[in-house]
Amino acid sequence: MLTDYHLHLRPDEGGTTFERYFTAENVERYLAAAEAAGIEELGVSEHVYRFRQALDLWTHPLWVENAKDDIDAYCEFVRGTPLRLGVECDYVPGAEERIAALLEPRDFDYVVGSVHFVGEGDAAVDHDGFDVWEGEGDADEIWRRYFEALAACARSGLYDILAHPDLVKVWGRARPLPDRDLRAFYEPAVEAIAESGIAVELSTAGLRKPVGEIYPARAMLEMAVDAGVPIALSSDAHTPEHLAFGYEQALELLGDCGVREIAVFDRRRRRMEPLG
Ligand SMILES: [Zn+2]
Ligand SMILES: [Zn+2]
């Protein structure tokens, strides 16, 4: 079994309207790409901030600008296709009850929990315009805050899959790196992940980013595997061309780390299937 669950039907920028991308023809393009890549389970996980309902969770300026679509129209559209129905929902500290109220009444197959924003204010680890690195740029502090938020995201119990687990490294050498052994950051996060029972995503998206590496780093993946954390597999593609991007490298890394099964989801119930 191969999956691609963390998937977007449209690019993030540039007037990408719901009407233009949530069409049978566009889904066909993704299904054809999946078939060519041997992906059996394909699902879509739109960013929550694309939906008007997300403004109940947070009113970050990026969200206000993008919250144009209706989440129920999205669910209804995806249920009319062969795709699994997911959503990528940011963890917003303090909004746990409102996040649950958004997710629970809807029949998602899985919910991908992600951390993009860290600490005080609107700053993100991966977003031009809201760049956390523009401020004081203390790598140790930013990494610590990122992994604390990741641990809280896992512990919230709101999510099935933890997205791009070390996204904080996205810019690679273009931003400062902590000078400590990075395992000091991974360790408490992996402990929270293992206790929470959430699955962790192996995401090939980092291969397309300045860092040029899979998320998570091998050392973090090894720790997660040792702790018995279930692994999910995704590309975080925003176009059909990026579907299953870099999966050969992903399978090699998973094999090296002793991962033989991947997490598969149906109406938020997880089962494990042989990988490959
Ligand atoms: Zn994300
Ligand atoms: Zn995504």
Side-chain angles (χ1 to χ4, degrees), residues 1-11 21 24 26-47 78-79 81-88 108-114 159-167 193 197-209 211-218 220-276:
M1 169 81 77
L2 292 177
T3 61
D4 205 341
Y5 275 153
H6 182 162
L7 200 71
H8 303 273
L9 291 183
R10 54 182 165 178
Y21 286 88
N26 194 34
V27 169
E28 246 349 285
R29 295 164 62 215
Y30 280 78
L31 291 171
E35 201 182 320
I39 309 293
E40 277 166 75
E41 282 261 326
L42 196 64
V44 61
S45 58
E46 185 52 291
H47 292 287
V78 176
R79 280 291 173 224
T81 73
L83 300 172
R84 290 276 175 202
L85 174 60
V87 66
E88 177 176 7
F108 294 112
D109 288 309
Y110 54 87
V111 178
V112 179
S114 54
Y159 307 104
D160 305 299
I161 302 171
L162 196 58
H164 37 62
D166 57 350
L167 180 69
I193 290 163
I198 197 171
V200 157
E201 169 180 275
L202 187 299
S203 169
T204 57
L207 294 171
R208 301 185 273 111
K209 298 293 161 67
V211 68
E213 261 179 34
I214 285 173
Y215 307 116
R218 186 190 185 107
M220 186 179 180
L221 180 64
E222 285 171 347
M223 261 182 209
V225 172
D226 281 351
V229 173
I231 306 297
L233 176 62
S234 292
S235 68
D236 205 350
H238 288 63
T239 66
E241 292 72 36
H242 286 156
L243 199 148
F245 183 89
Y247 267 27
E248 271 172 37
Q249 222 171 304
L251 291 175
E252 200 180 307
L253 175 62
L254 288 168
D256 283 357
C257 293
V259 177
R260 307 273 173 261
E261 295 183 311
I262 49 167
V264 176
F265 294 87
D266 180 11
R267 311 270 166 162
R268 307 202 67 180
R269 275 193 299 274
R270 179 177 74 215
R271 62 176 203 280
M272 300 304 290
E273 291 280 346
L275 169 68

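- Environment of CD in Glu241: crowded, with over 12 heavy atoms of neighbouring residues, nucleotides or ligands closer than 6.0 Å.
- Residues Ile231 and Glu261 fail the side-chain proximity criterion, which asks for heavy atoms closer than 4.5 Å.
- Note that the CD atom of Glu46 and the CG atom of Leu85 stand 11.5 Å from one another [nearest 0.5 Å].
- With Asp4 contributing its side chain and Leu42 its backbone, the two residues share no donor-acceptor pair below 3.5 Å.
- Atoms CZ and CE, on Arg260 and Met272 in that order, are 12.5 Å from each other to the nearest 0.5 Å.
- Side-chain N or O atoms of Thr204 include one that pairs as donor or acceptor with a backbone N or O of Phe245 at under 3.5 Å.
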Without placing hydrogens or testing angles, list every side-chain donor-acceptor pair under 3.5 Å for residues 26-33, not counting sequence neighbours.
{"from": "Asn26", "atom 1": "OD1", "to": "Arg29", "atom 2": "NH1", "distance (Å)": "2.6"}
{"from": "Asn26", "atom 1": "ND2", "to": "Leu9", "atom 2": "O", "distance (Å)": "3.0"}
{"from": "Asn26", "atom 1": "ND2", "to": "Tyr21", "atom 2": "O", "distance (Å)": "2.8"}
{"from": "Tyr30", "atom 1": "OH", "to": "His8", "atom 2": "O", "distance (Å)": "2.7"}
{"from": "Tyr30", "atom 1": "OH", "to": "His238", "atom 2": "O", "distance (Å)": "3.3"}
{"from": "Tyr30", "atom 1": "OH", "to": "Thr239", "atom 2": "N", "distance (Å)": "3.4"}

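- In this structure, the side chain of Arg208 does not engage the main chain of Gly246 through any donor-acceptor pair within 3.5 Å.
- Here Tyr215 contributes atom OH and His6 contributes atom NE2; the two are 10.0 Å apart, rounded to the nearest 0.5 Å.
- Interatomic distance, CG of Leu207 versus OH of Tyr247, reported as 11.0 Å (0.5 Å rounding).
- Judged by distance alone, with hydrogens and angles left aside, the side-chain atoms of Glu201 form no donor-acceptor pair with the main-chain N or O of Ala232 at under 3.5 Å.
- A salt bridge does not link Arg218 with Glu213: none of the charged nitrogens is closer than 4.0 Å to a carboxylate oxygen.
- In this structure the side chain of Val112 never reaches within 4.5 angstrom of the side chain of Leu162, judged on heavy atoms.
- For CD of Glu273, the number of neighbouring non-hydrogen atoms (other residues, nucleotides, ligands) closer than 6.0 Å is greater than 12.
- Atom CZ of Arg269 has 12 or fewer heavy atoms from other residues, nucleotides or ligands within 6.0 Å.
- Ser203 has its side chain out of reach of Ile214: every pair of non-hydrogen atoms, C-beta onward, lies at least 4.5 Å apart.
- With contacts defined as side-chain heavy-atom distances shorter than 4.5 Å, the pair Val264/Arg271 qualifies.
- In plain terms, the two heavy atoms of Ile39 and Ala244 that are nearest each other are CD1-CB, 3.8 Å.
- Of all non-hydrogen atoms in Val111 and Asp160, the two that sit nearest each other are N-OD2, 2.7 Å.
- Taking CD of Glu35 as the start and CG of Leu243 as the end, the distance is 12.0 Å to the nearest 0.5 Å.
- Under the 4.5 Å side-chain criterion, counting only non-hydrogen atoms from C-beta, Pro230 is in contact with Arg270.
- Side-chain contact check for Glu41 and Tyr5: at least one donor-acceptor pair (N or O, by modelled atom type) lies under 3.5 Å.
- Once rounded to the nearest 0.5 Å, the distance linking CD1 of Ile161 with OG of Ser45 reads 8.0 Å.
- Heavy atoms only, all atoms of each residue included: Arg84 and Tyr110 are closest at CB-CE2, 3.8 Å.
- In this structure, the side chain of Asp109 does not engage the main chain of Gly86 through any donor-acceptor pair within 3.5 Å.
- Within the structure, ring pair (Phe, Tyr, Trp, His ring centres under 6.0 Å) pairs that include any residue of residues 249-276 do not occur (at least two apart or interchain).
- Remark: side-chain polar atoms of Asp166 are paired, donor with acceptor, to backbone N or O of Ala217 under 3.5 angstrom.
- Contact annotation: the side chain of Leu221 approaches that of Leu254 to within less than 4.5 Å [non-hydrogen atoms, C-beta and beyond].
- When all heavy atoms of Thr3 and Leu233 are compared, the pair lying nearest together is OG1-O, 2.8 Å.
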Trace of the side-chain contact (heavy atoms from CB on, under 4.5 Å) decision for Ser114 with Glu88: CA-CA 7 Å; Ser114 54; Glu88 177 176 7; 3.1 Å; yes
